[in-house]
Amino acid sequence: MEKVRVRFAPSPTGFLHIGGARTALFNWLYARHNNGVFILRIEDTDRSRSTDEYIDAIIQGMKWLGLDWDEGPFRQTSRFDLYRSYADRLLKEGMAYYCYCSPAELEARRKEAMAAGRALKYDGRCRDLREPVPGVSPVVRFRMPQEGRTIVEDLIRGRVTFANDQLDDLIILRSDGTPTYNLTVVADDIDMGITHVIRGDDHLNNTPKQIQLYNAFGYPVPEFAHLPMILGPDRARLSKRHGATSVMAYYEMGYLPDALVNYLVRLGWSYGDREIFTREELIRYFSFENVGRAAAVFNPEKLLWLNSRYIINSPSERLAELVIPFLARENIVTEGWNPDREWLARAVDTLKERSKTLVELARSLRCYIAAEIEYDEKARAKFLNEESLGLLTEVREGLATLDVFSEAEIERLFRSIIEKHGIKLGRLAQPVRVALTGGTQSPGIFEVICVLGREKTLQRLQKAIKTAGENA
RNA sequence: GGUCCCAUCGUCUAGCGGCCUAGGACGUCGGCCUCUCACGCCGAAAACACGGGUUCGAGUCCCGUUGGGAUCACCA
């Protein structure tokens with residue numbers, strides 16, 4: 001069988017967004033599953049809206065997601081000669097013609113058609129024009145067959161039939177000679193030997209037109225697979241007004257790329273009851289058979305849950321590395337901070353099961369790293385007072401003289417103190433927690449003490465004892 | 001408006017005629033665990049849009065209705 005060749009073809013008129021990322025992902029998965037080739041092609045023929053910054057942003061997004069491509073990136077703006085030759089062929093063979101209608105005329109006729117309830121379609125009045133209209137630079141239109149039907153055999157949708165008389169004589173060359181979308185896609189897909197066109201559902205209506213172009217050029221059509229759209233909570237197509245749609249925004253918010261990939265793939269694809277997959281599993285199991293047909297609502301809560309799962313399952317050493325930029329961004333450390341990695345990993349280890357994002361992880365790391373901690377006012381009032389003063393002092397003295405500063409030894413010390421006073425562990429742990437972290441929520445108190453180390457612990461206890469004294 | 005697509009819990013989905021008393025996951029609510037918060041564990045509420053067929057039998061097949069979405073550019 002012919003080697004699978006697929007492409008992701010974004011237009012650089014914005015950042016890589018969630019919808020585009022999923023299209024890229026499905027292409028990538030299909031390529032990898034079939035040991036095929038994944039091509040990145042930048043569709044930048046609309047030069048007024050395309051920018052190099054967006055191209056960079058798209059590439060950055062792809063890289064962050066780990067969607068590596070085998071060929072490209074190709075830019076359509078550097079392939080105009082190719083499109084020109086395809087258009088010329090059509091012109092020469094009478095399958096395309098010059099159209100002299102002005103944009104204003106076209107617009108007027110469209111309005112008219114809309115009012116009359118007809119299809120908004122070019123009426124073909126320049127089809128059989130013999131002589132050029134002087135002083136007008138024409139566009140080139142494709143002579144679309146008007147008889148019969150065009151059938152799209154879609155790997156996801158099944159058979160979709162279009163009546164040819166619904167199809168427009170589409171413009172393939174603008175009046176300035178530049179090619180338009182439908183021409184460039186077909187020319188490129190032919191030229192690049194694309195075997196499977198995997199793209200958003202919004203292109204389904206373009207497909208019969210493109211099939212006619214393939215026919216005109218005398219090339220067999222590729223396989224098509226139209227993916228369902230991703231919707232916002234209001235069931236409208238996901239867009240900026242729904243909040244974060246740029247892939248890199250999820251980096252900023254502390255998401256792991258694998259979590260986003262996992263979430264995106266499950267939006268519209270399933271594999272029995274399974275929710276969490278490694279990349280290798282995704283590649284192994286991926287198939288269009290399991291891709292759904294209905295549009296899916298993007299659910300940030302489930303993504304957040306998945307991210308927390310990925311954080312819990314990531315090695316702490318790895319998380320320690322990943323969280324450093326976030327510590328800097330949160331102003332918890334300064335740029336260029338170079339911690340003891342082993343210590344950081346231990347600190348992360350105590351926090352990762354209570355952090356849903358790297359941002360949360362960074363923030364909760366603050367109490368281990370900061371030189372000074374601030375007390376939460378309510379926590380201070382409730383736990384650093386006359387009642388805890390003695391206990392805090394006892395803990396401090398005990399810790400100061402502990403032979404081995406280990407979790408086991410620290411716990412032994414705590415147990416002996418509560419036994420002596422006949423109190424529950426909470427009565428002792430909470431004041432110490434506030435003393436060491438400033439708040440009432442933290443990892444296990446013995447872990448905290450251990451990670452903090454003897455020096456910092458004693459320092460903070462000292463300060464808390466002073467505060468408790470003043471509060472008494 | 002024309003054309004095309006879609007339709008199972010709030011959300012993502014399993015289901016490809018009998019295994020469905022409709023399963024899983026997120027979220028929600030209760031409980032357990034417990035030094036706090038989490039994690040984990042147990043449990044609960046929660047869906048086949050509607051109406052016709054076909055069939056011994058329909059969430060599953062067909063038709064219609066309704067409702068959503070996409071598209072109809074010298075954008076891609």
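Side chains included, hydrogens not; waters and symmetry mates left out as well; all remaining heavy atoms used. We name chains A, B, ... by the order of the sequence lines, and we start the count at 1 in each one.
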statement: Scoring nucleotides 33-39 of chain B by protein non-hydrogen atoms under 4.0 Å (B base, S sugar-phosphate only, - none) yields --BBBBS
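- Summarising the base pairing, U28(B) is matched to A44(B) through a Watson-Crick or G-U wobble pair whose two defining distances lie under 3.5 Å.
- Geometrically, R141(A) engages Y122(A) in a cation-pi contact defined by less than 6.0 Å to the ring centre and at most 45° from the axis.
- Among the heavy atoms of the strands lying under 4.0 Å from S175(A) is at least one base atom, whether or not backbone atoms are also near.
- Under the Watson-Crick and G-U wobble criteria, each requiring two contacts below 3.5 Å, nucleotide U71(B) is paired to G2(B).
- Among the protein residues, T178(A) comes within range of no part of the nucleic acid, since none of its heavy atoms lies under 4.0 Å from any strand.
- H226(A) places its NE2 atom 12 Å from the C1' atom of U71(B), with the value rounded to the nearest Å.
- A49(B) and U28(B) have their P atoms separated by 26 Å, given to the nearest Å.
- Residues H242(A) and D234(A) bring a donor and an acceptor atom of their side chains to less than 3.5 Å of each other.
- Taking only side-chain atoms of V139(A), from C-beta outward, the nucleotide of C74(B), U13(B), U11(B) with the closest atom is C74(B).
- Contacts of R110(A) with the nucleic acid, taken as non-hydrogen atoms under 4.0 Å apart, involve only primed sugar atoms and P, OP1 or OP2.
- I171(A) has its CD1 atom 14 Å from the C1' atom of A76(B), to the nearest Å.
- Listed nucleotides A76(B), C4(B), G24(B) differ in distance to R49(A); the shortest reach to its side chain belongs to A76(B).
- Using a 4.0 Å heavy-atom criterion, one finds that R237(A) contacts the sugar-phosphate atoms exclusively.
- Comparing F298(A) and T184(A), the nucleotide of RNA chain B nearest to each residue sits closer to the 5' end for F298(A).
- Y368(A) and T350(A) share a donor-acceptor pair across their side chains, judged by distance under 3.5 Å alone.
- The structure places CD of E43(A) at 10.0 Å from OG of S50(A), a figure rounded to the nearest 0.5 Å.
- The side chain of R266(A) has G24(B) as its nearest neighbour among G24(B), C26(B), C5(B).
- The P atoms of C20(B) and G59(B) are separated by 13 Å, rounded to the nearest whole Å.
- Annotation: F15(A) is in aromatic contact with Y54(A) [ring centroid separation under 6.0 Å].
- When distances are taken from the side chain of W305(A) to each of C26(B), C5(B), G23(B), the shortest belongs to C26(B).
- Annotation: G15(B) and C48(B) have their C1' atoms spaced 10 Å apart (nearest Å).
- Taking the centre and axis of the six-membered ring of F26(A), the NZ or CZ atom of R22(A) falls inside the cone set by 45° and 6.0 Å.
- In a base pair of the Watson-Crick type (N1 to N3 plus N6-O4 or O6-N4) or a G-U wobble (N1-O2 and O6-N3), with each distance short of 3.5 Å, U21(B) is matched with no nucleotide.
- One interatomic measurement links the two molecules: CD of E107(A) to C1' of C72(B), which rounds to 12 Å at whole-angstrom precision.
- Here N206(A) lies in heavy-atom contact (under 4.0 Å) with a base.
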Stepwise ring pair (Phe, Tyr, Trp, His ring centres under 6.0 Å) test for W269(A) and F277(A): CA-CA 12 Å; W269(A) 175 85; F277(A) 303 85; 5.3 Å; yes
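- OP1 and OP2 of C4(B) both lie 4.0 Å or more from every side-chain N or O belonging to R157(A).
- Counting only heavy atoms from C-beta on, E301(A) has its side chain closest to C26(B) among C5(B), C26(B), U13(B).
- Neither OP1 nor OP2 of C74(B) sits under 4.0 Å from any side-chain N or O of T180(A).
- Listed candidates were A76(B), G24(B), C12(B). Nearest to the side chain of L267(A) is C12(B).
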Side-chain donor-acceptor pairs under 3.5 Å in residues 286-298 of chain A, sequence neighbours left out?
{"unit_1": "S287(A)", "atom_1": "OG", "unit_2": "E289(A)", "atom_2": "N", "d": "2.9"}

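- Look at the P atom in both C4(B) and U65(B): the space between them is 13 Å, to the nearest Å.
- For T45(A) and A76(B), the shortest distance from a side-chain N or O to OP1 or OP2 is below 4.0 Å.
- No N or O donor and acceptor, one from the side chain of D44(A) and one from the base of A76(B), sit under 3.5 Å apart.
- In this structure, M144(A) places its CE atom 12 Å from C1' of C72(B), rounding to the nearest Å.
- Closest to the side chain of S11(A), out of G10(B), A73(B), A76(B), is A76(B).
- Residue H203(A) is classed as a base contact, given a heavy-atom separation below 4.0 Å to a base.
- Ion pairing between E330(A) and R366(A) fails under the 4.0 Å rule for side-chain N and carboxylate O.
- Comparing the P positions of C62(B) and U55(B) gives a spacing of 16 Å, expressed to the nearest Å.
- The side chain of N299(A) lies closest to G10(B) when the candidates are C5(B), C74(B), G10(B).
- Across all strands shown, G59(B) forms no Watson-Crick or G-U wobble pair with both distances under 3.5 Å.
- Of all nucleotides listed (A7(B), A73(B), U3(B)), A7(B) comes nearest to the side chain of R293(A).
- Rounded to the nearest Å, the gap between the C1' atom of U11(B) and that of U3(B) is 30 Å.
- For the atom pair CD (E394(A)) and CG (L461(A)), the distance works out to 12.5 Å, reported to the nearest 0.5 Å.
- Here G268(A) lies in heavy-atom contact (under 4.0 Å) with sugar-phosphate atoms only.
- Distance noted for atom C1' between A14(B) and A25(B): 11 Å (whole Å).
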